[in-house]
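Structure first, commentary second.
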Amino acid sequence: MAWTLYYESAAEKELSKLDKGKQRAIVKYLDECCQLSDPTDRGHALTGQWAGFHRYRLCQLRVIVKIVRAKLVIAVIVLGRRDSVY
């Protein structure tokens with residue numbers, strides 16, 4: 001079961017601002033998550049105002065995603081450092 005990866009425009013813009021090495025690492029990690037049968041096995045479910053979203057942590061960066069099980073979609077909502085994401 002392969003999940004489809006979708007980037008919100010703001011997340012895509014933040015990704016393009018990163019250096020090429022970090023971009024490749026993030027894209028590789030998210031592609032690996034798309035190959036899992038359940039992408040929630042990685043990452044962490046968020047609570048509070050971010051309830052319903054999941055977080056993937058890659059070094060100092062946080063990737064906030066919305067996992068839509070009915071459509072098998074992982075939507076990247078926010079991407080950035082911890083101090084600017086939350």
Side-chain angles (χ1 to χ4, degrees):
M1 173 184 334
W3 292 73
T4 304
L5 190 59
Y6 169 77
Y7 291 90
E8 291 285 333
S9 59
E12 199 167 22
K13 184 177 179 180
E14 289 299 318
L15 182 64
S16 69
K17 291 180 183 178
L18 298 173
D19 64 71
K20 298 296 181 191
K22 288 181 182 177
Q23 287 179 13
R24 280 193 296 270
I26 290 169
V27 169
K28 181 182 176 192
Y29 183 84
L30 292 173
D31 285 342
E32 290 172 2
C33 290
C34 287
Q35 300 306 316
L36 298 172
S37 60
D38 186 8
T40 61
D41 289 344
R42 290 192 183 175
H44 179 74
L46 298 175
T47 60
Q49 70 179 18
W50 289 97
F53 293 91
H54 280 75
R55 169 196 39 93
Y56 296 127
R57 184 174 71 184
L58 296 115
C59 298
Q60 297 177 353
L61 297 172
R62 303 300 186 264
V63 181
I64 309 297
V65 298
K66 176 73 173 174
I67 298 173
V68 184
R69 293 181 187 280
K71 296 182 181 180
L72 297 178
V73 171
I74 300 173
V76 180
I77 307 298
V78 180
L79 172 74
R81 293 179 53 94
R82 181 177 184 255
D83 58 357
S84 65
V85 169
Y86 298 112

Separation between CD of Gln23 and CG of Leu15, rounded to the nearest 0.5 Å = 5.0 Å

List the atom pairs, donor and acceptor, that lie under 3.5 Å between side-chain atoms in residues 60-79 and the rest of the protein, sequence neighbours left out.
| residue | atom | partner | partner atom | Å |
| --- | --- | --- | --- | --- |
| Gln60 | OE1 | Arg81 | NH1 | 2.6 |
| Arg62 | NH1 | Cys59 | O | 3.3 |
| Lys66 | NZ | Gly52 | O | 3.4 |
| Arg69 | NH1 | Asp38 | OD1 | 3.1 |
| Arg69 | NH2 | Asp38 | OD1 | 3.3 |
| Arg69 | NH2 | Thr40 | OG1 | 3.4 |

What are the two closest non-hydrogen atoms of Trp50 and Val85, and how far apart are they?
-> CZ2-O, 3.8 Å

Yes or no on side-chain contact (heavy atoms from CB on, under 4.5 Å) for Leu5 and Tyr7, after CA distance, side-chain angles and deciding distance?
-> CA-CA 7 Å; Leu5 190 59; Tyr7 291 90; 3.5 Å; yes

Could you tell me the separation between the CD1 atom of Ile26 and the NZ atom of Lys22, rounded to the nearest 0.5 Å?
-> 8.0 Å

What distance do Arg24 atom CZ and Asp19 atom CG have between them, rounded to the nearest 0.5 Å?
-> 8.5 Å

Please round to the nearest 0.5 Å and tell me the distance separating atom CG of Leu30 and atom OH of Tyr56.
-> 7.5 Å

Determine whether Arg42 and His54 make a side-chain contact, defined as any pair of heavy atoms from C-beta on separated by less than 4.5 Å.
-> no

Mark yes when over 12 heavy atoms from residues, nucleotides or ligands other than Arg82 sit less than 6.0 Å from its CZ; otherwise mark no.
-> no

Can you name the nearest heavy-atom pair linking Cys33 to Pro39, along with the distance?
-> O-CB, 3.8 Å

State whether the side chain of Trp3 and the backbone N or O of Gln35 hold a donor-acceptor pair below 3.5 Å, judged by distance alone.
-> no

